[in-house]
Amino acid sequence: MKLFVSEGAPGTLPVLAAAGRAQGRAQLHISTVGPEECVVPFLTRPKIPVLQLDNGNYLFSTNAICRYFFLLSGSEQDDLTNQWLEWEATELQPALSASLYYLVVQGKKGEDVLGPIRRALTHIDHSLSRRSCPFLAGETESVADIVLWGALYPLLQDPAYLPEELGALHSWFQTLSSQEPCQRAAETVLKKQGILALRPYLQKQLQPSFLEGRAVSNEPEEEELATLTEEEIAIAVTAWKKGLGSLPPLRPKQKPVLPVAGERNVLITSALPYVNNVPHLGNIIGCVLSADVFARYSRLRQWNTLYLCGTDEYGTATETKAMEEGLTPQEICDKYHVIHADIYRWFNISFDIFGRTTTPQQTEITQDIFQRLWDRGFVLQDTVEQLRCEHCSRFLADRFVEGVCPFCGYEEARGDQCDKCGKLINAIELKKPQCKVCRSCPVVRSSRHLFLDLPKLEDRLEEWLEKTVPGSDWTPNARFIIRSWLRDGLKPRCITRDLKWGTPVPLEGFEDKVFYVWFDATFGYISITANYTDQWERWWKNPEQVNLYQFMAKDNVPFHGLVFPCSALGAEDNYTLVSHLIATEYLNYEDGKFSKSRGVGVFGDMAQDTGIPADIWRFYLLYIRPEGQDSAFSWTDMLLKNNSELLNNLGNFINRAGMFVSKFFGGYVPEMVLTSDDQRLLAHVTLELQHYHQLLEKVRIRDALRSILTISRYGNQYIQVNEPWKRIKGNEADRQRAGTVTGLAVNIAALLSTMLQPYMPTVSSTIATQLQLPPPACSILPMDFLCILPAGHQIGTVSPLFQKLENDQIENLRQRFGGGQAKVSPKPAVVERAGPQQIQVLMDEVTKQGNIVRELKAQKADKNQIAAEVAKLLDLKKQLALAEGKPLETPKGKKKK
């Protein structure tokens with residue numbers, strides 16, 4: 001076969017991607033020809049691309065060529081695939097041709113380019129969302145996906161032309177763009193020039209004629225308000241009438257939460273934050289907050305749900321922080337564990353367990369998994385060259401070394417990475433290395449270490465991935481990262497370190513070593529569960545009955561999607577492995593990155609000092625959640641979203657609905673006589689509610705939030721059109737109409753209260769209190785819009801939910817968190833002695849608190865409780881030192897016996 005292509009011809013992209021899928025099925029020769037060359041002898045005008053078959057026949061339509069390659073690879077086509085291909089040719093191409101011509105040939109930008117194609121993009125997004133499938137025709141990729149991807153890629157590779165609100169389209173486009181055949185096709189056609197590679201070809205084409213406003217679908221446009229079917233309306237009305245009685249019984253609360261046979265058992269983990277860092281907003285949205293939304297949603301669905309997290313406490317970073325603060329590693333862990341717990345409590349994170357990894361259970365479980373891997377031959381021994389400080393008499397972990405970067409010359413590069421150029425470094429490559437503890441020059445010495453034999457486990461991993469990932473909700477970036485690791489071939493990974501602070505290695509000859517934190521940190525999920533219940537194996541050795549969702553930022557994907565599964569598969573102990581790996585991209589701060597040392601960005605312990613409620617922070621972080629690409633926190637945008645979406649849209653609607661009940665009907669929901677327009681509204685709200693469910697079931701958290709705002713907009717429009725404040729003053733029919741509109745509006749507000757619960761739990765609870773929602777309506781979210789507040793229901797006192805953010809207030813915060821807090825931190829001013837009475841009171845308080853700590857330790861109380869009391873004692877000692885006029889010395893760490 002011979003494939004004729006032309007440089008810069010857009011149709012070449014999908015054809016090469018489809019050919020890549022069929023690689024090895026037939027011999028293919030690719031020939032590049034000029035755009036005006038007639039390849040097909042019986043055509044009077046040039047046509048590219050063209051596929052000449054071995055029998056001499058020609059295929060000269062992009063769709064036909066792609067179909068042929070898919071047939072070669074064994075893929076069949078169904079009716080839905082054919083419908084998409086017809087739609088692409090008749091509807092998408094005219095609009096897309098206009099957009100590409102405007103952009104590439106005429107140099108237009110923005111809405112001029114996006115305008116012609118916007119409705120087509122929206123149609124694709126809605127179709128993907130409504131069917132709740134990753135691909136256009138179902139769970140697996142079809143020729144329609146490749147054809148549409150190839151057509152759209154030149155335009156959508158620029159994020160400016162992929163509207164942020166089209167989340168399903170984002171996910172679909174990224175999934176396909178990360179596939180190897182598609183990547184190779186894009187590189188071949190665009191040649192690192194981007195869309196400009198198409199200019200020579202498009203300049204030779206006729207200017208496309210495009211009639212704006214034409215239909216973009218041969219199917220009924222289901223998303224348009226005017227296209228509801230009578231059946232959809234009838235179903236919505238029937239569900240509405242059933243009311244509260246159609247809700248299932250409430251799940252009885254159990255503690256501990258354990259899997260139940262025959263039910264949906266959902267185990268949710270959030271990546272364990274390093275204990276020595278205070279989490280910033282990016283850490284919070286990437287892990288704990290995203291997982292919290294899904295956990296709350298799972299409970300609203302009455303799924304049997306356990307949500308856990310904890311602090312990751314072992315490793316070099318903890319030892320380094322302990323040295324900086326003059327504390328022991330354990331004291332650092334105790335101090336910062338409390339800080340983390342307080343931050344997450346303020347953000348209203350609904351953990352069932354928030355534990356830690358410095359526990360006997362962590363040691364026991366890690367050593368057991370290691371021993372099983374060792375016994376089965378999945379652990380290697382090898383010698384590694386490391387830097388050793390003779391003065392400190394120990395090998396230096398990466399973070400205990402500083403020196404000159406061998407790549408860029410930066411003089412304070414760490415032993416693992418240069419902060420200036422970002423390149424990874426082997427510590428022995430550093431020029432002029434120094435021990436961070438004593439500043440002496442270390443020497444290179446050999447040290448024996450253990451390695452996990454990942455190449456030996458690769459086949460097991462591949463087999464597991466093939467069974468798990470298709471049809472799952474692994475995010476596209478997680479799939480891509482794991483594929484890239486596998487494509488490069490797995491290599492043995494060192495699992496030990498020459499440290500004291502870590503899980504001991506239970507092997508003769510390695511008694512002076514601990515496990516490398518990346519090896520045993522993921523076992524922390526298991527040990528934290530074991531601290532919660534001695535029946536932990538019902539969650540973690542029960543893959544048949546447990547759905548495991550793991551939330552993290554993309555840098556954690558290799559450890560959760562590759563290292564932990566390899567360890568568990570090699571241990572051969574029936575461990576529950578991740579079913580759905582949910583990874584975000586990165587959240588940046590304004591125009592840069594978060595930096596605690598430079599005072600840039602909002603960190604978790606600072607958010608509560610801004611005067612902005614936790615739910616507003618939750619809302620905005622979830623609104624900009626970096627699902628398909630990196631996003632940035634912006635103070636200006638936060639102000640706009642609060643004042644427009646929350647205050648003017650959501651808050652305005654819910655407040656008006658409640659106030660009309662109070663003001664016009666004495667606080668009682670009035671009788672509702674539904675007209676055909678009201679019934680249509682029921683159907684629209686029901687469809688949007690179902691869309692919300694579909695999105696959250698697929699863990700599309702940011703997109704589902706927009707469904708809430710859409711329903712609120714429906715409500716505002718409904719009130720505005722029907723004007724109940726005017727009708728209440730009219731005749732009997734007008735007053736009845738005012739009652740119906742008010743009753744329906746307040747029921748929409750009740751629904752929004754429950755839909756908001758995963759996102760803004762405090763606001764949700766406030767609405768529920770104001771409307772006096774019945775308990776089942778607060779705990780269960782139905783699939784249909786029900787009449788939760790029937791006529792005669794009495795509501796409570798209604799008050800505004802949100803406050804306006806002012807420009808001055810936001811500008812002050814922007815300056816404060818733009819590097820300012822480092823400058824305005826308290827100066828070590830001259831310390832003045834307090835009076836004798838005040839000093840005596842503080843001495844008594846220190847003595848009293850010291851006794852409390854000693855008693856708790858003697859009783860072997862819970863570690864968290866002891867840590868909290870120790871933190872209080874340290875604070876009192878600091879206050880006493882200040883009162884006595886003593887300088888605040890760095891506390892000395894306790895010597896370990």
Side-chain angles (χ1 to χ4, degrees), residues 255-257 268-296 305-315 317-318 321-322 325 327-362 517 521 524-533 551-553 596 602-610 613-615 617-618 621 761-762 849 852-853 856-857 860-876 878:
K255 192 166 183 181
V257 180
I268 300 170
T269 71
S270 167
L272 307 181
Y274 283 127
V275 73
N276 58 291
N277 291 329
V278 176
H280 58 63
L281 298 181
N283 304 136
I284 290 166
I285 184 59
C287 305
V288 294
L289 180 52
S290 295
D292 184 61
V293 172
F294 190 70
R296 289 176 179 276
T305 304
L306 182 70
Y307 175 28
L308 65 94
C309 185
T311 41
D312 179 5
E313 302 191 350
Y314 282 133
T318 305
K321 191 72 171 178
E325 298 198 16
L327 300 173
T328 65
Q330 186 62 63
E331 286 170 338
I332 278 289
C333 293
D334 293 344
K335 173 184 173 180
Y336 279 91
H337 177 81
V338 172
I339 291 171
H340 277 268
D342 287 345
I343 289 169
Y344 303 137
R345 195 177 299 115
W346 187 80
F347 274 97
N348 221 334
I349 307 297
S350 62
F351 299 123
D352 292 291
I353 326 159
F354 184 71
R356 51 200 309 188
T357 56
T358 50
T359 64
Q361 288 88 342
Q362 174 76 1
V517 69
Y525 302 122
I526 306 172
S527 71
I528 287 168
T529 313
N531 273 279
Y532 168 73
T533 172
F551 288 78
M552 67 206 68
K596 188 82 169 177
V602 182
F603 286 73
D605 55 345
M606 303 169 180
Q608 51 197 299
D609 298 329
T610 61
D615 266 17
W617 286 104
R618 286 177 64 111
L621 290 173
T762 303
Q849 187 65 23
I852 291 172
V853 170
L856 288 171
K857 287 182 176 178
K860 296 185 178 178
D862 179 74
K863 269 191 176 184
N864 295 342
Q865 188 182 357
I866 294 174
E869 297 301 332
V870 167
K872 289 180 187 175
L873 177 60
L874 292 172
D875 187 56
L876 284 168
K878 192 184 292 183

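These numbers come from the heavy atoms of this one structure, side chains and all, not from hydrogens, waters or symmetry mates.
Smallest separation of non-hydrogen atoms from Y314 and T357: CE1-O, 3.5 Å. The heavy-atom pair separating L327 from I332 by the smallest distance is CD1-CD1, 3.9 Å. When every heavy atom of L272 is checked against every heavy atom of Y525, the shortest pair comes out as CD2-CE2, 3.6 Å. Nearest heavy atom pair, residue A521 against residue D312, reads CB-OD2, 3.6 Å. Contact record, D292 with R618: OD2-NH2, 2.8 Å, taken as the closest heavy-atom pair.
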Please step through side chain to side chain contact (heavy atoms under 4.5 Å, CB included) for the pair Y532 and L306, ending with a clear verdict.
CA-CA 11 Å; Y532 168 73; L306 182 70; 3.7 Å; yes

Between D334 and R356, is the side chain to side chain contact (heavy atoms under 4.5 Å, CB included) condition met? List the steps.
CA-CA 10 Å; D334 293 344; R356 51 200 309 188; 2.8 Å; yes

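Atom CD1 of residue I268 and atom CG of residue L308 lie 9.0 Å apart, to the nearest 0.5 angstrom. To the nearest 0.5 Å, atom CZ of residue F294 and atom OG1 of residue T305 are 8.0 Å apart. Between the CH2 atom in W617 and the CD1 atom in I284 there is a gap of 9.5 Å [rounded to 0.5 Å]. The distance from the NZ atom of K335 to the OG1 atom of T328 is 12.0 Å, given to the nearest 0.5 Å. A distance of 12.5 Å separates CD1 in I526 from CD in Q361, rounded to the nearest 0.5 Å. How far CG of L621 is from CZ of F347: 6.5 Å, rounded to the nearest 0.5 Å.
Residues that satisfy the ring-ring contact (aromatic ring centres under 6.0 Å, His included) test with H280, not counting sequence neighbours, are F594, F603. The side-chain contact (heavy atoms from CB on, under 4.5 Å) check on C287 picks up S270, A271, with sequence neighbours excluded. Residues satisfying the side-chain contact (heavy atoms from CB on, under 4.5 Å) criterion with A317, sequence neighbours excluded, are N276, R399.
The closest side-chain heavy-atom distance from T311 to C333 is not below 4.5 Å. For the pair P273/N283, no side-chain contact is recorded, criterion being any heavy-atom separation below 4.5 Å from C-beta on. Under the 4.5 Å side-chain criterion, counting only non-hydrogen atoms from C-beta, Y307 is in contact with V288. Between D342 and Q608, the closest side-chain pair of non-hydrogen atoms is not below 4.5 Å.
The backbone N or O of Y274 sits less than 3.5 Å from a side-chain atom of H340, completing a donor-acceptor pair.
Each of E325, E313, E331 was evaluated against Y336; a single residue qualifies, E325, per the side chain to side chain donor-acceptor pair (under 3.5 Å) test.
Annotation for Y344: atom OH counts as buried by contact number, over 12 foreign heavy atoms lying within 6.0 Å.
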